[in-house]
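Owing to the predicted nature of the structure, the values given are computational and were not obtained by experimental measurement.
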Amino acid sequence: MNSIADRISSYTNPKRNEAHMSHAFISYVSEDDASVDFVCATLSRNRVAYWRDKNDLKGGERWKIALREAIQKGGYFVAIFSKNSCNKDRSVANQEVAWAIEELQLRPFNRAWFIPVKIEQCDIPARPIGGGETLHDLHWIDFERLGWREGMGRLLSSIGVENPELDHGEPIAPGLGSIAQIRGGELIYRGSLPAVDNFEGMTLSVTGGWVVRELDNGITISLFTRSGYQQMQALNERIGATNVIAFCNEEKISTDPNLPNTFTGTRTIQFSEGESVWYPGLGDVVLPVAMKLESSFTAKGHLQGLVFQGSFHASIGGDVLGQEINQSQWGDFQIQLDQH
């Protein structure tokens, strides 16, 4: 399946540069790929050219030179900040930010060029940008506070787009447009296998996110979660469970409890040899070898008013030292949507 951005770009803006001769460079970490798909899809719909590594780096290119040139030639530098990016000790995105700061120092002081975007609550690093200022002196666009629709509107306005188009097609459900903001909600665990003490009744808060229609009429949901338990939150951040992304190939979100939608998502998780990982029921575990696990998430639900509710099943497993392991959890959810 091609990304949302690829499909919308090919349909609405094949040249990607008709309205803006210079591009917006998109800096992000790969863990935020799906969220960046949404950002780039909306840029494309508004005829904004953008430069993104997964689309624009060519095989055999010297990638450091290509990235630096794309930053220098860009009309804007859009830095996507998240828990994923802020918690990584090393990343290419950090290098991109360093190059962008060098470029920012050469550009006019009174023209916005470096645009920080927070897609969820995180601590943007106070990196010096010259003149006694840091990144904290640049106004950032806070998607979690504003919501994804308003946040994208602010981003488009910042790069010179008047009257931006923020819808992607037919409504996803009665009372909603083609994009809906997630205002809040919760996931409540009802059980696990193998059974884990104190797991039943554990709750994850849903802090935000979005639901968007894709061009093939499928629907993608991306929601951010937070646990009240520090160790559980750290584990979820490590395995990517703080941003749950799932896809449904139906045209509408059902309002019939007897005909629920099914959303599914998968993720690959790499662990390093010697890494210490906390897990419920086991405590801190030092991994004897590097390992790759697969996680999956399935949610079945329907819309009641503006609340999407139903049940979910999550699992994580793989081959560990020649033995197949699997941990499953299940429970209920309710997610508050907003048409704005």
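- Judged by distance alone, with hydrogens and angles left aside, the side-chain atoms of Ser158 form a donor-acceptor pair with the main-chain N or O of Arg154 at under 3.5 Å.
- Here the side chain of Thr264 pairs no donor or acceptor atom with the backbone of Ala246 at under 3.5 angstrom.
- Note that OG1 of Thr220 and CD1 of Ile179 are 11.5 Å apart. Values are rounded to the nearest 0.5 Å.
- Screening residues 111-134 for salt bridge (Lys or Arg N to Asp or Glu O under 4.0 Å) gives Lys83-Glu120 as the qualifying pairs, with residues at least two apart or on separate chains.
- Other residues sharing the hydrophobic cluster of Val307, ordered by chain and number and joined by side-chain separations under 4.5 Å: none, the residue standing alone.
- Pairs engaging residues 88-107 under the salt bridge (Lys or Arg N to Asp or Glu O under 4.0 Å) rule: Glu31-Lys88, Arg68-Glu102, Glu103-Arg107 [sequence neighbours left out].
- Annotation: the span from His136 atom NE2 to Ile129 atom CD1 amounts to 10.5 Å, rounded to 0.5 Å.
- We find the CD1-OG distance between Ile188 and Ser205 to be 10.0 Å, quoted to the nearest 0.5 Å.
- Contacts of Val196 classified as side chain to side chain contact (heavy atoms under 4.5 Å, CB included), with partners at least two apart in sequence or in another chain: Ser192, Phe199, Pro280, Gln327.
- With contacts defined as side-chain heavy-atom distances shorter than 4.5 Å, the pair Phe312/Val244 does not qualify.
- Counting non-hydrogen atoms of other residues, nucleotides and ligands closer than 6.0 Å to CD of Gln270 gives a total above 12.
- Using a 4.5 Å heavy-atom threshold, the side chains of Arg183 and Gln181 count as touching.
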>> Between Phe38 and Trp210, is the ring-ring contact (aromatic ring centres under 6.0 Å, His included) condition met? List the steps.
In response: CA-CA 9 Å; Phe38 174 75; Trp210 46 266; 4.7 Å; yes

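- Listed by chain and number, the residues in a side chain to side chain donor-acceptor pair (under 3.5 Å) with Asn326 are Ser328 (sequence neighbours excluded).
- Not one N or O on the side chain of Gln95 forms a donor-acceptor pair closer than 3.5 Å with the backbone of Val92.
- With values rounded to the nearest 0.5 angstrom, Glu144 atom CD is found 11.5 Å from Ser82 atom OG.
- Residues that satisfy the side chain to side chain contact (heavy atoms under 4.5 Å, CB included) test with Gln105, not counting sequence neighbours, are Ile101.
- Using a distance-only test at 3.5 Å, with no hydrogens or angles considered, no donor-acceptor pair links the side chain of Asn55 to the main chain of Trp51.
- A donor-acceptor pair under 3.5 Å is absent between the side-chain atoms of Arg226 and the main chain of Val206, judged by distance alone.
- For the residue pair Asn243/Ser222, the side-chain donor-acceptor check at 3.5 Å is satisfied.
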Scan the side chains in residues 289-299 for donor-acceptor partners under 3.5 Å anywhere in the protein, sequence neighbours excluded, and list what turns up.
{"from": "Glu294", "atom 1": "OE1", "to": "Thr268", "atom 2": "OG1", "distance (Å)": "2.9"}
{"from": "Glu294", "atom 1": "OE2", "to": "Thr268", "atom 2": "OG1", "distance (Å)": "3.2"}
{"from": "Ser295", "atom 1": "OG", "to": "Arg267", "atom 2": "O", "distance (Å)": "3.4"}
{"from": "Ser296", "atom 1": "OG", "to": "Ser315", "atom 2": "OG", "distance (Å)": "2.8"}

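- Interatomic distance, OG of Ser27 versus CG of Asp32, reported as 10.5 Å (0.5 Å rounding).
- Partners of Ala195 under the side chain to side chain contact (heavy atoms under 4.5 Å, CB included) rule, at least two apart in sequence or in another chain, do not exist in this structure.
- In this structure, Leu106 CG and Gln72 CD are separated by 8.5 Å, a value rounded to the nearest 0.5 Å.
- The closest donor-acceptor contact from the side chain of Thr242 to the backbone of Thr225 lies at 3.5 Å or more, if one exists at all.
- Side-chain atoms of Trp113 never come within 3.5 Å of backbone atoms of Pro108 as a donor-acceptor pair (strictly under, hydrogens ignored).
- The salt bridge (Lys or Arg N to Asp or Glu O under 4.0 Å) analysis of residues 319-332, with sequence neighbours excluded, yields the pairs Arg190-Asp332.
- Under the side chain to side chain donor-acceptor pair (under 3.5 Å) criterion, Asp137 pairs with no residue at all, not counting sequence neighbours.
- The salt bridge (Lys or Arg N to Asp or Glu O under 4.0 Å) analysis of residues 244-257, with sequence neighbours excluded, yields no pairs.
- Looking only at side-chain heavy atoms (C-beta outward), Tyr229 and Gln231 stay at 4.5 Å or farther from each other.
- A donor-acceptor pair shorter than 3.5 Å cannot be found between the side chains of Ser276 and Asp284.
- Ring planes of Phe77 and Phe25: parallel class, angle under 30° (limits at 30 and 60°).
- Glu200 meets the side chain to side chain contact (heavy atoms under 4.5 Å, CB included) test with no other residue; sequence neighbours excluded.
- Side-chain contact check for Ile182 versus Ile221: some heavy-atom pair is nearer than 4.5 Å.
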